[in-house]
Amino acid sequence: MDNLNSVEIKAFVPAKDFALSKQFYQDVGFVMASDGDGVAYFHHGQCSFLLQDYFPPTLADNLMLHWLVEDVAAWHQLLTRKAVAATYQVKMTDIVEQPWGMREFFLYDPSGVLWRIAQNI
């Protein structure tokens, strides 16, 4: 029988300023596991993505990533305490409860990519 198991899927996230974005994601809490040839691999636990030194504005303006966490309030508090939004001059919203059973907040990265950080309720 053929092995059709999946191992992983990762998004390529654009970076307008590659060095700034790499620092942003480390400050958010991701580990940069590798960096070479214009691509940096980031992970936090089992969640990962590839940051690319490439910036098509229409992609960055329309890319939205959903990061499901166990405690959204703890993440919001951490990022607030670290002043990530002020340091990188990006927008971070308050936590809202969504009608589809999630609590979430939005965080934009320095290139304009939208992260929806959420917890199931």
Side-chain angles (χ1 to χ4, degrees):
M1 176 144 262
D2 293 333
N3 180 350
L4 302 177
N5 294 331
S6 294
V7 174
E8 185 176 40
I9 188 168
K10 291 187 288 284
F12 278 85
V13 176
K16 186 174 187 178
D17 179 330
F18 194 49
L20 181 70
S21 290
K22 287 190 289 187
Q23 189 59 56
F24 170 82
Y25 284 111
Q26 290 174 91
D27 287 350
V28 165
F30 285 94
V31 173
M32 185 170 62
S34 67
D35 180 14
D37 296 324
V39 176
Y41 172 64
F42 284 90
H43 68 86
H44 187 279
Q46 298 299 321
C47 301
S48 62
F49 66 95
L50 298 163
L51 183 69
Q52 58 184 334
D53 189 9
Y54 176 66
F55 183 71
T58 54
L59 173 59
D61 290 344
N62 291 288
L63 183 57
M64 184 185 327
L65 298 167
H66 187 260
W67 183 15
L68 188 62
V69 298
E70 290 183 6
D71 187 343
V72 74
W75 276 102
H76 194 273
Q77 290 169 359
L78 173 72
L79 298 175
T80 300
R81 187 172 60 250
K82 292 173 83 174
V84 169
T87 300
Y88 291 94
Q89 299 179 347
V90 297
K91 182 178 178 184
M92 185 172 90
T93 67
D94 291 332
I95 297 171
V96 296
E97 189 168 316
Q98 300 292 4
W100 50 84
M102 296 189 130
R103 295 181 69 224
E104 69 178 357
F105 67 95
F106 295 177
L107 175 66
Y108 289 84
D109 84 352
S111 300
V113 173
L114 170 60
W115 285 79
R116 295 177 75 146
I117 304 169
Q119 169 188 349
N120 287 318
I121 52 176

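Both backbone and side-chain heavy atoms feed into the values below; hydrogens, waters and symmetry mates do not.
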Return yes when atom NZ of Lys16 has more than 12 non-hydrogen atoms of other residues, nucleotides or ligands closer than 6.0 Å, and no otherwise.
-> no
Heavy-atom pair of closest approach, residues Phe18 and Leu51 = CE1-O, 3.5 Å
State the CG-CH2 distance between Leu107 and Trp67, to the nearest 0.5 angstrom.
-> 9.0 Å
Do Val31 and Leu20 sit in the same hydrophobic cluster, where Ile, Leu, Val, Met, Phe, Trp and Tyr count as joined when their side-chain heavy atoms come under 4.5 Å apart?
-> no
Identify, with sequence neighbours excluded, every residue that meets salt bridge (Lys or Arg N to Asp or Glu O under 4.0 Å) alongside Asp27.
-> none
Can you tell which of Val96, Leu114, Ile95 makes a side-chain contact (heavy atoms from CB on, under 4.5 Å) with Phe106?
-> Leu114
Are the side chain of Gln23 and the backbone of Ala19 linked by a donor-acceptor contact shorter than 3.5 Å?
-> no
Whether Asn3 side chain and Asn5 backbone form a donor-acceptor pair below 3.5 Å = yes
For Phe55 against Ala15, the heavy-atom pair lying closest together = CB-O, 3.6 Å
Shared ILVMFWY cluster between Leu63 and Phe105, side chains joined below 4.5 angstrom?
-> yes
Please report the closest heavy-atom contact between Val90 and Val84, naming both atoms and the distance.
-> CG2-O, 4.2 Å
Taking the six-membered ring for Trp, are the ring centroids of Phe49 and Phe30 within less than 6.0 Å of each other?
-> yes
Leu79 and Ile117 have their tightest heavy-atom pair at CD1-CD1, 4.3 Å
In the single-linkage hydrophobic clustering (I, L, V, M, F, W, Y; side-chain heavy atoms under 4.5 Å), do Val113 and Tyr54 co-cluster?
-> no
Does Glu8 have any salt bridge (Lys or Arg N to Asp or Glu O under 4.0 Å) partners at least two apart in sequence or in another chain, and if so, which?
-> Lys10
Minimum side-chain heavy-atom gap Leu68-Met102 below 4.5 Å | yes
What about Ile121 and Trp75, same hydrophobic cluster or not, with Ile/Leu/Val/Met/Phe/Trp/Tyr joined at side-chain heavy-atom distances under 4.5 Å?
-> no
Would you give the length of the straight line joining atom CZ of Phe24 to atom CG of Asp17, rounded to the nearest 0.5 angstrom?
-> 12.5 Å
Among the clusters formed by ILVMFWY side chains lying less than 4.5 Å apart, do Leu78 and Val28 turn up in the same one?
-> yes
Enumerate the residue pairs fulfilling side chain to side chain donor-acceptor pair (under 3.5 Å) with a member in residues 91-119, sequence neighbours excluded, ordered by first and then second residue.
-> Tyr25-Asp109, Tyr25-Trp115, Gln98-Glu104, Glu104-Arg116
